[in-house]
**Q** 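Right, I'll just put the structure down here and ask away after.
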Amino acid sequence: MDEEERPRKLPKLGHDDEATQDELGPAMTGAVAVDEPTQTSAPTNKNSQPEPSDLSKAENAIPATGSGHAESTEDAPKMSKNQLKKLRRKEKWDAERELRKERRKEQMANKKERRRLMVEEAREKGGGKAVQALRKTWETTRSRAKRSTLLPISIVIDCGYDDLMNPSERSSLASQLTRSYSENARAIWRSNLIFSSFDKQLKERFDTVLSQYRNWKGIRMIPEDFAHASELLKEQMASPKGGKMAGPFADKTDAKPEDGEVIYLSSDSENILTELKPYSTYIIGGLVDKNRHKAVCYRSAVAKGIKTAKLPIGDYIQMDSRRVLTTNHVVDIMLKWLELGDWGEAFMKVLPPRKGGKLKAQQVGNEATEEATDDESADEEGEESTLEDIAKDIEAEQADDHEDEAES
Ligand SMILES: C[S@@+](CC[C@H](N)C(=O)[O-])C[C@H]1O[C@@H](n2cnc3c(N)ncnc32)[C@H](O)[C@@H]1O
């Protein structure tokens, strides 16, 4: 899909915002069909979404400058310059549909050919095993998700900081949440997941721009706060649907649901997290603020009497830049710990080299990390732009999934 050219989505018509958000079922089962604003659908509500065919009328309706006349504006719908621009973009998008289809076909054929050559090469060099390994790297999110096992452990992302973010920070957070959902869904060992305090402008962004979230499974997005979410998860983890004592928990069969802890993760905490325990809930602040609001998440936890802990970064790696990580990096680190059982490896897998991470035992001669910058502002800027790309990455991944399904 040519993301560059895709017009910004226009406001949707008559869809039911309340449909799935407050549901407390174990999965977002996509109760609401995603009514993408297809280019051909004919909206009935002119206030929300005029048709592109109205463009000429609309142009007439723009009050003329200079010597022109505006008499015809009475019966024509009034339209702002912005709406007009959107309509033009939409018309162009519609007109180029066939071209895009052709381009996609060509890209798919190229991809097939590339993969065929890679398989040939792998077979020559390493036989069937190498081909298998290669094919594994092409596995789609969906098939990886099928191999994923739910453990009785939970992550809550506390989205209760909507008012503290500007629009670009909020959109960054939305991308991080999307990434966190996706990483958890396809992790080898995944956790129960809730986004709490999911409301206000953040929810609006999902409802309008990232509406495919309605089809997400294995997650709850609730308007209640993180304390309420922890209660729900406690119940869920104790039930048969709460996960299996497998993988990292295979030898902890004597663990009991009532032993589970609730911990708010915060770099401002004095306590250091040493391990992730079964039946426990870990809360992560859903906030992008360049640490402008110091210790705000820590204070929320303390106000509710919830324990806090920081990740053991200092014990395992030396970092050039500050130790306040992004929400999705913290989720990723936890998932990697479940997979690898080692904090050091988990940090190194997740933290990008530009964060300056070096395993303490490998401080000398690690070329990959030596290039890292300790320029915090550059780091933050880079982070923003990277995260802005995430939603696109995920969309591209999903498009790939569809392609692969079509191929097979
Ligand atoms: C970008 S930070 C939010 C910074 C915010 N100013 C605050 O008060 O925490 C997002 C979240 O990631 C988690 N986090 C970031 N760095 C962490 C660390 N070193 N240890 C534990 N949790 C961390 C915390 O839950 C934090 O709320």
Side-chain angles (χ1 to χ4, degrees), residues 154-166 168-181 183-184 191 193-198 202 225-227 229-230 261-277 280-304 306-337 343-344 346-348 350-352 355-357 360 376-377 379-384 386-388 390:
S154 301
I155 295 177
V156 173
I157 302 187
D158 166 23
C159 304
Y161 307 96
D162 200 66
D163 304 334
L164 302 184
M165 288 177 283
N166 65 36
S168 119
E169 289 168 341
R170 194 173 295 110
S171 101
S172 249
L173 176 64
S175 302
Q176 291 192 32
L177 294 175
T178 306
R179 174 64 102 196
S180 298
Y181 161 75
E183 289 297 332
N184 185 57
S191 70
L193 182 62
I194 288 188
F195 295 169
S196 62
S197 301
F198 183 75
L202 179 70
D225 74 357
F226 57 89
S230 318
E261 298 180 305
V262 177
I263 297 181
Y264 203 125
L265 299 180
S266 167
S267 57
D268 298 293
S269 178
E270 300 265 283
N271 311 316
I272 297 175
L273 193 72
T274 53
E275 62 174 325
L276 302 178
K277 294 184 183 160
S280 293
T281 295
Y282 299 91
I283 305 162
I284 302 169
L287 175 59
V288 173
D289 67 337
K290 298 194 169 74
N291 215 21
R292 194 169 57 243
H293 304 287
K294 304 259 182 261
V296 66
C297 302
Y298 174 78
R299 283 199 296 272
S300 302
V302 173
K304 298 245 157 150
I306 286 179
K307 278 192 220 166
T308 61
K310 62 182 161 198
L311 291 170
I313 304 180
D315 294 350
Y316 290 87
I317 61 168
Q318 188 192 27
M319 274 179 72
D320 294 339
S321 62
R322 67 201 176 97
R323 288 177 186 166
V324 184
L325 306 177
T326 60
T327 304
N328 69 307
H329 279 158
V330 178
V331 173
D332 287 357
I333 287 166
M334 291 174 67
L335 295 172
K336 279 284 172 240
W337 186 89
W343 286 117
F347 290 133
M348 290 311 291
V350 174
L351 298 177
K355 278 263 176 200
K360 283 208 159 165
E376 264 188 36
S377 58
D379 183 47
E380 288 281 41
E381 288 305 317
E383 205 158 77
E384 290 284 81
T386 307
L387 291 169
E388 275 305 298
I390 286 171

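Every number for a ligand or one of its atoms is a count from 1 in the order of the listing.
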**Q** Met165 versus Leu173: any side-chain heavy-atom pair under 4.5 Å?
**A**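 Yes - at least one pair of side-chain heavy atoms lies under 4.5 Å apart.
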
**Q** Can you confirm whether Tyr161 sits close enough to Asp289 that some side-chain heavy atom of one is under 4.5 Å from a side-chain heavy atom of the other?
**A**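 In short, these two side chains do not touch, never coming nearer than 4.5 Å.
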
**Q** What is the distance from atom CH2 of Trp343 to atom NZ of Lys336, rounded to the nearest 0.5 Å?
**A**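 So the CH2 of Trp343 and the NZ of Lys336 are separated by 13.5 Å.
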
**Q** Taking salt bridge (charged side-chain N to carboxylate O under 4.0 Å, His left out) as the test, write out the residues that go with Asp162, two or more places apart.
**A**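 Listed in chain order: Arg170.
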
**Q** At less than 4.0 angstrom from any non-hydrogen atom of Val296, what atoms of ligand 1 do you find?
**A**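 Here the atoms of ligand 1 in question are 8 (O).
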
**Q** For Lys277, give me all partners under salt bridge (charged side-chain N to carboxylate O under 4.0 Å, His left out), at least two apart in sequence or on another chain.
**A**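 If we apply the salt bridge (charged side-chain N to carboxylate O under 4.0 Å, His left out) test to Lys277, skipping adjacent residues, the hits are Glu261.
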
**Q** Check ligand 1 against Ile313 and write out every atom of the ligand that is under 4.0 Å from a heavy-atom position of the residue.
**A**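 This gives 19 (N) as the contact atoms.
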
**Q** Of the side chain and backbone of Lys310, name the one, both, or neither that has a heavy atom under 4.0 Å from an atom of ligand 1.
**A**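 Both backbone and side chain.
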
**Q** Would one find an N or O of Val324, backbone or side chain, under 3.5 Å from an N or O of ligand 1?
**A**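 No; every N/O pair is 3.5 Å or more apart.
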
**Q** Kindly assign one of parallel, tilted or perpendicular to the pair Phe226 and Tyr264, based on the angle between their ring planes and the thresholds 30° and 60°.
**A**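 Aromatic pair Phe226/Tyr264 classed perpendicular.
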
**Q** From atom 2 (S) of ligand 1, work out which of Leu325, Thr327, Ile157, Thr326 has a heavy atom at the shortest distance.
**A**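 It is Leu325 that holds the nearest heavy atom.
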
**Q** Please say whether Asp289 places an N or O atom under 3.5 Å from an N or O atom belonging to ligand 1.
**A**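 Yes; at least one N/O pair falls below 3.5 Å.
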
**Q** Just distances here: any N/O of Gly285 and N/O of ligand 1 closer than 3.5 Å?
**A**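 In this structure, Gly285 places an N or O atom under 3.5 Å from an N or O of ligand 1.
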
**Q** For atom 27 (O) of ligand 1, which of the options Cys297, Pro312, Ala301 provides the nearest non-hydrogen atom?
**A**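 It is Cys297 that holds the nearest heavy atom.
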
**Q** Based purely on interatomic distance, does Leu265 place a nitrogen or oxygen under 3.5 Å from a nitrogen or oxygen of ligand 1?
**A**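 Among all N and O atoms of Leu265, at least one is under 3.5 Å from an N or O of ligand 1.
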
**Q** Quick one: OG on Ser266 to CD1 on Ile284, what's the gap to the nearest 0.5 Å?
**A**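 One finds 11.5 Å between OG of Ser266 and CD1 of Ile284.
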
**Q** At under 4.0 Å between heavy atoms, which part of Ser266 makes contact with ligand 1: side chain, backbone, both or neither?
**A**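 For Ser266, the contact with ligand 1 is made by the backbone alone.
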
**Q** May I ask you to identify, for Val288, whether its side chain, its backbone, both or neither come under 4.0 Å of ligand 1 on a heavy-atom basis?
**A**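 No part of Val288 comes within reach of ligand 1.
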
**Q** Does Val330 reach ligand 1 with a nitrogen or oxygen that is under 3.5 Å from one of the ligand's nitrogen or oxygen atoms?
**A**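 No - when backbone and side-chain N and O of Val330 are compared with those of ligand 1, no distance drops under 3.5 Å.
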
**Q** Below 3.5 Å, N or O to N or O, backbone or side chain included: is there any such pair between Asn291 and ligand 1?
**A**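 So ligand 1 has an N or O lying under 3.5 Å from an N or O of Asn291.
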
**Q** Quick one, Ile263 and Asn271 - any side-chain contact, counting heavy atoms below 4.5 Å?
**A**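 Ile263 does not reach Asn271 side chain to side chain.
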
**Q** N/O to N/O below 3.5 Å, does that happen between Arg292 and ligand 1?
**A**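 No - when backbone and side-chain N and O of Arg292 are compared with those of ligand 1, no distance drops under 3.5 Å.
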
**Q** I'd like to check which ligand 1 atoms, numbered from 1 as shown, lie under 4.0 Å from a non-hydrogen atom of Ala295.
**A**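 Taking each heavy atom of Ala295 in turn, ligand 1 has 8 (O) under 4.0 Å.
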
**Q** Rounded to the nearest 0.5 Å, what's the gap from NE2 on His293 to CZ on Arg299? Could you check?
**A**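 Spacing of NE2 (His293) from CZ (Arg299) equals 10.5 Å.
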
**Q** Using a 6.0 Å cut-off, check whether atom CD of Glu275 has over 12 heavy atoms from anything other than its own residue.
**A**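 Enclosed.
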
**Q** For ligand 1, which atoms sit closer than 4.0 Å to a heavy atom of His293?
**A**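 Per the distance check, 5 (C), 6 (N), 8 (O).
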
**Q** Can you find a heavy atom in the side chain of Asp158 that is under 4.5 Å from one in the side chain of Cys297?
**A**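 SC-SC contact between Asp158 and Cys297 ruled out.
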
**Q** Short N/O distance, under 3.5 Å, between Ile284 and ligand 1?
**A**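 Looking only at distances, the answer is no, because the N/O contact criterion of under 3.5 Å is not met.
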
